[in-house]
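A short worksheet on the structure shown next.
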Amino acid sequence: MRRGSTEYLMKILSEIYGREILRPILPIFLLIIIGSIMVPEKFLTLTNVKILLMQLTPLAAIATGEMLVILTGGVDLSPGSAQGFTAMLAALIYILTKNFSLAVLAALAMGLVIGAINGVLVTKLKIFSFVATLAGLAIWRAVDLFISGGKLIYGLTPWDIFTYSIADVIPLGFLVIVIVEIAVYIMLQYSILGRYIYAMGSNEEALRLSGVRADLVKFMVFTIAGLMYGLGGVLIIGMSGLAVDPWTARGNELSAIASCVLGGILLTGGEGHPLGAFFGAALLTLISNILILLGYTEYYIQQIITGVILIGAATALSRGLRYVK
């Protein structure tokens, strides 16, 4: 009887693991339970829920852009620098013009430009995405430092619109991301472009031989990803105290990739749920939040624990693969 129960339990777990969307959602529920038990007086508050959603919002934006690139079999190392640069650009334009709409549009447009540049480097100059975007990581952070003069820009009060909340819990910025995630889900699940993206990650050569303009698909993916980085730059201003400095979003490229891994996006490309990056970002945000509430505010402790969890997630994802890229 005991053996039969064990086999039944293993069958259930295997079924759960086989469903892509449940892989990141179940750990999220587990973390919520852990947080509720260990620090109920701090974790189970409306204020903390709002903080969680505010922290999640800009990370989910760039993680979703990163996911699109990874699904094609590539990798993008520029999300953090692009997010920081577009945030700084928006801040400076607002300081000069006092025009909030212009500043937001400029950040989104710059995100598109950054993505398009990455796309051209990869498709036309045939540079590996890792190398092309590594250069972008350095260049956009350097430009950020240059145009800001190394100074903090503050007093960006119009960005508090993204912190306005429904029932004092759900920030407007989070609702923006939810709408964007729905749009990305529809694109990946029901559009021709979405099918091409997954097909490219699975077998790019087969996609080319079928007559599809693979380079155009790849260019479009990098451009859309850049738009997501620009959106992340806009949102991070509101979520980080209505100010931006030259080092804003530093290291977020690694958080974006980690969100994808935790969300079940296979780094070899072609596999992963369209909402995987969003739930992976939520998982990463929860880990950080619970550690802080427990008193582990030291950056290195958070990074070590996150790294161990990331290795575990990557190991689970790679089980059964004959090789990795």
Side-chain angles (χ1 to χ4, degrees), residues 22-64 66-67 79-80 83-84 87 159-160 162-178 180-181 232 235-243 247-265 275-314:
L22 292 179
R23 296 177 193 175
I25 289 181
L26 289 179
I28 287 175
F29 281 125
L30 179 61
L31 282 174
I32 290 174
I33 293 172
I34 291 173
S36 301
I37 294 174
M38 299 189 72
V39 278
E41 71 286 351
K42 297 178 181 179
F43 186 79
L44 296 176
T45 64
L46 295 181
T47 299
N48 190 53
V49 172
K50 182 177 180 179
I51 290 173
L52 277 167
L53 296 180
M54 289 176 65
Q55 292 174 333
L56 167 62
T57 297
L59 175 57
I62 64 170
T64 300
E66 181 70 58
M67 175 188 71
Q83 184 181 31
W159 269 266
D160 65 359
F162 294 115
T163 66
Y164 292 171
S165 55
I166 298 174
D168 294 326
V169 179
I170 305 175
L172 180 59
F174 178 74
L175 293 180
V176 171
I177 278 300
V178 169
V180 170
E181 293 295 335
L235 293 172
I236 201 171
I237 298 175
M239 305 305 174
S240 59
L242 311 181
W247 297 107
T248 291
R250 184 181 185 181
N252 274 11
E253 50 278 333
L254 299 181
S255 296
I257 296 173
S259 296
C260 292
V261 173
L262 292 173
I265 309 300
L275 296 179
F278 175 80
F279 288 117
L283 190 55
L284 201 61
T285 303
L286 271 170
I287 293 170
S288 176
N289 181 263
I290 292 173
L291 288 174
I292 291 173
L293 293 180
L294 288 172
Y296 297 106
T297 56
E298 295 87 350
Y299 180 74
Y300 68 90
I301 292 180
Q302 295 184 40
Q303 291 298 97
I304 290 173
I305 295 176
T306 301
V308 170
I309 293 173
L310 187 59
I311 290 173

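Heavy-atom basis, side chains included; hydrogens, waters and symmetry copies ignored.
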Compare every heavy atom of [Y] with every heavy atom of [X], then report the nearest pair and how far apart it is.
X	Y	answer
Q83	G232	NE2-O, 3.1 Å
I28	F279	CD1-O, 3.5 Å
G84	A249	N-CB, 3.9 Å
T57	G173	CG2-O, 3.4 Å
L56	A282	CD1-N, 3.4 Å
C260	A63	SG-O, 3.5 Å

For the atom pair [atom1] ([X]) and [atom2] ([Y]), what is the distance rounded to the nearest 0.5 Å?
X	Y	atom1	atom2	answer
I62	I257	CD1	CD1	9.5 Å
I177	T64	CD1	OG1	6.5 Å
F278	L59	CZ	CG	10.5 Å
E41	S36	CD	OG	11.0 Å
I265	L275	CD1	CG	9.0 Å
L172	L235	CG	CG	9.0 Å

Excluding sequence neighbours, so at least two apart, what forms side-chain hydrogen bond (donor to acceptor under 3.5 Å, both in side chains) with [X]?
X	answer
Q55	none
S259	none
N48	N289
S288	Q302

Residues forming a side-chain contact (heavy atoms from CB on, under 4.5 Å) with L294, sequence neighbours excluded: M38, V39, I290, Y296
Partners passing side-chain contact (heavy atoms from CB on, under 4.5 Å) against S240 (at least two apart in sequence or in another chain): I236
L262 and L284, any side-chain heavy atoms less than 4.5 Å apart: yes
Validation row: L52, F43 side chains within 4.5 angstrom (heavy atoms): yes
From CA spacing to verdict: side-chain contact (heavy atoms from CB on, under 4.5 Å), I34, L30: CA-CA 6 Å; I34 291 173; L30 179 61; 4.1 Å; yes
Crowding at NZ, K50 (>12 non-hydrogen neighbours, <6.0 Å): yes
